[in-house]
Each structure stands twice: as C-alpha cells, then as structure tokens.
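First comes the structure, then the notes that go with it.
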Amino acid sequence: MDYLQIKGGAKLSGSIKISGAKNSALPVIAATILSDKPVTLTNLPNVVDIRTLLKLLGILGGTVNHTDTIATIDNGTMNSTKAVYEIVSQMRASILVLGPLLARFGECEVSLPGGCAIGQRPIDLHLKALESMGAKIEIKGGYVRAEAPNGLQGTRIVFDKITVGGTENIVMAASLAHGTTTIVNSAKEPEIVQLCEMIANAGVKIEGIGTSEIIIEGTGQKPLNFKEVEIIPDRIEAGTYLCAGAITASKITLENVNAKHIQASIDKLEAMGCNFQIEDNNITICGKERLKPINLITTEYPGFPTDMQAQFMAVATMAIGESMVEERLFENRFMHVSELNRLGADIWLKGSVASVKPVAELYGADVMATDLRASSALVLAGLVAQGTTNVHRIYHLDRGYDNLEGKLKKLGADIQRLSE
Ligand code: EPZ
C-alpha cells in the first residue's frame with residue numbers, strides 16, 4: 001500500500017493546472033447510457049473513481065476507449081442492466097447508473113451502495129422519485145430492482161431534501177421519460193448544470209438549469225445523441241490548492257479554474273486575510289502569515305461546500321484565534337479531527353460543531369486517511385507540520401485527486417509517494 005511522506009515547512013510558488021471535476025465527470029459518464037451512439041468526453045480527471053465507473057459501463061456491455069483524460073464511449077453495444085456489487089461497493093456514485101439504465105431499458109438491477117465513512121448516505125429520495133415516475137421498485141438480495149416496462153412517466157417531484165445525486169439521477173431518467181418532469185428543490189451545483197447542458201445540447205428541452213426548479217420534457221424512450229463534452233474544472237481540487245497556498249502563506253497560481261464555482265471558498269480565505277488576483281481562468285492566491293480565525297457552516301451550493309470542510313479545518317489550525325466549523329450535510333464527516341490532533345492541532349468536537357483552537361505549531365506524525373477530503377486535509381497539515389508526516393491509506397486520495405503529489409511537488413512541496 002502507498003503512503004505519502006511530507007517534510008513540512010517549504011514555501012510554495014509557481015502555477016499548476018486544475019483537472020476536470022470528478023463529481024461532474026461521474027454523472028456525465030452515467031448519462032452516456034442514455035445514448036446508443038458513441039460520445040467523446042474530454043478533460044476527464046485521471047483518478048480511480050473515473051476508471052471504476054468506466055469499468056462498470058464495460059461490464060454492462062458498453063464499448064469504452066479511455067486514455068488519461070479522454071474517453072469515447074459507445075453504449076450502443078450495452079447488453080446488461082445489472083450493476084454488480086463488486087463495482088458499486090467500491091464507489092457509491094455507481095448509483096448514478098440507476099436512472100439512465102431504467103429510463104433507457106425499462107428495467108435494471110443496481111447493488112445497494114450501503115453506508116460510507118462520512119455518513120449513512122441513504123438513496124431513499126432517488127427511489128421515491130423514480131417510483132413517482134411509475135417505476136416498480138423492490139429491494140432484494142442487496143440489489144435495487146427497478147422496472148418500468150412502458151417507460152417512465154413525467155411528473156412533479158418535490159425533493160424533501162436537496163440531493164446532488166438524487167437530482168442527477170432524476171434529470172437523467174426524466175430526459176427519456178414520457179411527458180414533462182418538474183423537479184422542485186433540486187440541487188444547483190455546477191456539476192448539475194453541466195449534466196443538464198449535456199442533455200439539453202442533445203436536443204432535450206430543459207428549463208430552469210442552475211435553479212432549484214428544473215423542468216424537463218422527455219423524449220419518450222428515444223435514445224439521445226450527445227455532442228462532445230468537456231468536463232468543467234474541479235472546484236474542490238481548486239479549493240484544496242487554495243488552502244495549500246493559505247496554510248503555507250505562499251503565492252501560487254491555479255490555471256483552468258472557474259472562480260465563480262469557488263466563490264464561497266475565496267470569500268472565507270479573504271476573511272482569513274488572503275488576497276486574490278483573478279484573471280480569465282487563472283486564480284492567484286497570496287497567503288498571509290497570521291491568518292484570522294473563521295466561522296463556517298457547510299451547506300448546498302452556492303453556500304460553503306461540505307467537500308471543503310476538512311481542508312479549511314486544517315487551515316484554521318494555523319489561525320491566530322479560535323475558529324468554528326459546523327457540518328450540516330453529513331453526520332460523520334469529522335474523521336480528520338482526531339488525525340489533525342495527532343499532528344498537534346487542538347480541535348474539540350461537540351455534535352456537528354468543531355472548535356478549532358489556535359496552536360503555535362503542528363508537528364509531523366503518522367496519520368491515517370479516512371475518506372477523500374479528510375485525506376487532503378492531512379496532506380495540507382503535513383505541508384506546515386515541523387518534521388515528517390506520513391499519510392497512510394492514500395487510496396482514498398487516489399479516488400479523487402489527479403496527481404496530487406506531482407502538483408504539490410511542482411509548487412515546491414517536499415512530498416513523495418512511498419510503499420509501506
Ligand atoms: C455528492 O454526493 C458528492 N458526490 C459528494 O462529494 C458531496 O459531498 C455531496 O454531493 C454533497 O455536496 C458526487 O457528486 C459523486 P447528496 P451525494 O445526495 O450525491 C442525504 C466527495 O468528496 N440524502 O447531495 O451522495 C445525504 O445522506 C464526495 O467528492 C438522503 O437522505 O450527496 C446527505 O446528508 C463525498 N437521501 C444529503 O442528503 C437520499 O436519497 C446530501 O447528499 C440522498 C441523499
């Protein structure tokens with residue numbers, strides 16, 4: 001198993017290119033099931049989760065041609081509708097094939113994804129919405145079995161809670177349904193916008209893209225013919241590198257970023273004392289030695305993202321006063337707290353709120369990555385911790401960060417990948 005060894009204290013400088021967004025690429029790959037013609041995707045991030053979902057399409061009979069950042073997918077050859085446990089158990093986002101498989105083939109079986117490190121993460125809202133579109137759903141033997149032999153029927157769906165994956169599944173299902181589907185209380189993340197635009201560019205009429213009410217006129221089971229899709233820049237990867245600039249008090253530039261997508265993170269870092277220069281698709285952060293403390297609460301886009309909570313907590317350990325971090329989306333997304341404390345942080349948890357007290361220094365230690373973003377928070381802390389930090393179990397990082405150590409090395413960090 002690989003681990004990352006970081007020798008803390010180096011200042012960062014220079015520029016790196018941000019990769020395509022994992023969380024946009026995943027639904028876009030799932031959406032290719034809605035087509036029986038080849039489609040090309042570009043600017044894919046070179047990460048394990050993307051390879052896992054492409055592998056699932058292959059198992060379903062799709063023809064996939066994949067290099068690091070480009071894939072051509074032809075799901076005209078798809079001949080199975082069973083998303084097997086072996087793949088779904090590796091990656092929860094595989095549940096995104098449920099809506100498109102059911103919409104195109106009128107039936108499918110998808111392994112139940114189960115819980116994960118950051119919380120219970122049920123899929124009840126996905127299932128309830130598909131049932132209201134006429135699907136018959138039963139859960140048996142660990143699989144969701146869904147049927148709609150005459151296709152799905154457009155309807156009005158009101159999500160009880162804003163759900164990114166639920167919105168994506170229903171947008172995909174609705175695009176091949178009979179009639180009009182209205183999704184109320186839909187998610188508004190940039191990843192949802194990209195998915196809707198991909199489908200709209202294939203000729204489906206969609207209103208309300210990027211708002212909390214999306215209206216979709218389905219094709220009545222006629223498969224779509226997609227144009228080439230270029231994956232948007234990864235706003236969470238970009239936010240993570242901004243945190244690297246902030247925690248090390250360095251000046252670094254990120255290329256291929258959409259500043260609008262990371263405004264909530266920029267605002268918080270500005271409040272901590274960092275400065276920004278934004279030009280076209282480039283952002284430069286100028287970090288500051290004595291960061292001010294912050295208060296943040298995670299919420300849905302365009303609010304402060306839960307996927308940046310762990311990284312900001314790492315940065316907050318270097319602030320000159322006490323910060324408060326409240327996690328409102330996931331019930332167990334604080335696994336990094338005890339690991340950051342191993343590095344000398346002074347973080348206290350009470351329910352969903354963490355108080356991050358100031359400490360003079362962090363000190364290198366062996367720490368364990370527990371989930372994707374928690375892992376990147378440990379790497380950030382390692383960049384400033386005195387001495388050597390070893391971050392173990394970095395397979396979590398490899399699922400979602402494209403060449404993290406390569407990019408940090410390019411910026412001047414002393415980091416290397418080693419084998420246990
Ligand atoms: C997406 O997960 C992202 N994953 C997550 O990113 C991200 O943390 C999350 O959205 C929130 O922004 C991908 O895009 C692949 P949700 P998703 O459905 O779709 C509850 C990362 O680090 N809920 O918006 O699974 C749920 O438990 C990952 O890249 C239900 O109760 O998130 C959570 O509390 C981790 N029932 C809340 O809604 C449901 O049926 C939001 O979850 C569905 C969700």
Side-chain angles (χ1 to χ4, degrees), residues 19-31 45 47-50 52-53 56 88 90-99 110 112-132 137 139 144 157-172 183 185-195 212 231-232 234-240 261 264-265 297-311 327-333 335-336 352 369-377 396-402 404:
S19 299
K22 165 186 82 83
N23 288 350
S24 204
L26 291 170
V28 162
I29 290 169
V47 298
V48 170
D49 274 9
I50 297 304
T52 304
L53 191 56
L56 177 57
V88 181
Q90 285 174 39
M91 186 185 66
R92 287 185 52 83
S94 322
I95 195 65
L96 292 173
V97 301
L98 176 64
V110 179
L112 268 176
C116 80
I118 63 173
Q120 207 186 343
R121 303 184 76 185
I123 55 159
D124 56 316
L125 301 175
H126 303 228
L127 302 185
K128 200 172 138 199
L130 289 171
E131 277 175 335
S132 73
I137 294 184
I139 294 178
V144 177
I157 292 160
V158 183
F159 276 122
D160 294 335
K161 203 173 188 180
I162 299 175
T163 158
V164 173
T167 302
E168 289 163 347
N169 244 330
I170 301 310
V171 164
M172 291 186 275
I183 310 173
N185 203 25
S186 57
K188 294 188 282 205
E189 272 69 3
E191 294 76 22
I192 309 268
V193 171
Q194 169 141 67
L195 176 68
S212 52
I231 302 301
I232 58 171
D234 194 316
R235 63 194 169 99
I236 306 302
E237 187 198 17
T240 303
H261 294 171
S265 295
I297 299 176
T298 64
T299 182
E300 293 86 4
Y301 188 85
F304 186 85
T306 174
D307 292 348
M308 286 302 305
Q309 181 254 105
Q311 301 90 314
E327 172 57 53
R328 289 222 180 137
L329 265 83
F330 293 107
E331 65 273 19
N332 194 27
R333 207 171 196 180
M335 311 257 282
H336 42 284
S352 59
T370 48
D371 70 74
L372 176 59
R373 309 303 171 186
S375 320
S376 61
H396 292 290
L397 275 173
D398 293 335
R399 290 184 54 179
Y401 283 96
D402 186 349
L404 179 84

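Order of appearance sets the numbers: ligands from 1, and atoms from 1 within every ligand.
The two residues A377 and A310 come nearest to each other via the heavy atoms CB-O, 3.3 Å. The two residues E237 and S19 have their closest heavy-atom pair at OE1-N, 2.8 Å. Between L26 and L53, the shortest heavy-atom contact is O-CD2, 3.2 Å.
Heavy-atom proximity to G165, at under 4.0 Å, picks out these atoms of ligand 1: 18 (O), 19 (O). Residue T306 has at least one heavy-atom neighbour below 4.0 Å for each of these atoms of ligand 1: 8 (O), 11 (C), 12 (O).
Not a single N or O atom of G166, backbone or side chain, sits closer than 3.5 Å to an N or O atom of ligand 1. Checked by distance only, ligand 1 and E168 stay at 3.5 Å or farther apart across all their nitrogen or oxygen atoms. Considering backbone and side-chain atoms together, D124 places an N or O closer than 3.5 Å to an N or O of ligand 1. When only interatomic distances are considered, the shortest N/O to N/O separation between T163 and ligand 1 falls below 3.5 Å. The distance criterion of under 3.5 Å between nitrogen or oxygen atoms is met by L125 with respect to ligand 1. Ligand 1 has a nitrogen or oxygen under 3.5 angstrom from a nitrogen or oxygen of R121.
Atom NZ of residue K22 and atom CD1 of residue I236 lie 9.5 Å apart, to the nearest 0.5 angstrom. For the atom pair OH (Y401) and CZ (R373), the distance works out to 4.0 Å, reported to the nearest 0.5 Å. L329 CG to I118 CD1: the interatomic distance, rounded to the nearest 0.5 Å, is 9.0 Å. Taking CG of D402 as the reference point, atom CG of D234 lies at 9.0 Å (rounded to 0.5 Å). Separating the OG atom in S212 from the CD1 atom in I192 is a distance of 12.0 Å, to the nearest 0.5 Å. Note: S352 OG to E327 CD = 8.0 Å, rounded to the nearest 0.5 Å.
Under a 4.0 angstrom heavy-atom cut-off, R333 registers as being in contact with ligand 1. Distances from ligand 1 to the non-hydrogen atoms of R92 include no value under 4.0 Å.
Checking side-chain atoms of R92 against main-chain N and O of R121 turns up a donor-acceptor pair under 3.5 Å.
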Which donor-acceptor pairs under 3.5 Å do the side chains of residues 162-172 make with protein atoms, sequence neighbours left out?
from : atom 1 : to   : atom 2 : distance (Å)
T163 : OG1    : G166 : N      : 2.8
T167 : OG1    : T163 : O      : 2.6
T167 : OG1    : A187 : N      : 3.1
N169 : OD1    : G99  : N      : 2.8
N169 : ND2    : I95  : O      : 3.1
N169 : ND2    : H126 : ND1    : 3.1

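Considering only non-hydrogen protein atoms, atom 3 (C) of ligand 1 sits nearest to N23 ND2, 3.8 Å. Counting only heavy atoms of the protein, atom 32 (O) of ligand 1 lies nearest to F330 CZ, 4.0 Å. Distance from atom 22 (O) of ligand 1 to its nearest protein heavy atom, with residue and atom name: R373 NE, 2.9 Å. Ranking the protein heavy atoms by distance from atom 24 (O) of ligand 1 puts V164 N, 2.7 Å first. Of all protein heavy atoms, the one closest to atom 20 (C) of ligand 1 is K161 NZ, 3.8 Å. In this structure, atom 23 (N) of ligand 1 lies nearest to the protein heavy atom P122 O, 4.1 Å. Shortest contact from atom 6 (O) of ligand 1 to any protein heavy atom: D307 OD2, 3.0 Å. Nearest to atom 34 (O) of ligand 1 among the protein's heavy atoms is L329 O, 2.5 Å.
Shown here are the side chain to side chain donor-acceptor pair (under 3.5 Å) partners of Q194, two or more places apart in sequence or in another chain: S24.
Proximity of H126 to ligand 1, defined as any heavy-atom pair under 4.0 Å, is shared by backbone and side chain alike. Residue-level proximity to ligand 1 for Y301 is absent, since no heavy atom of it falls below 4.0 angstrom.
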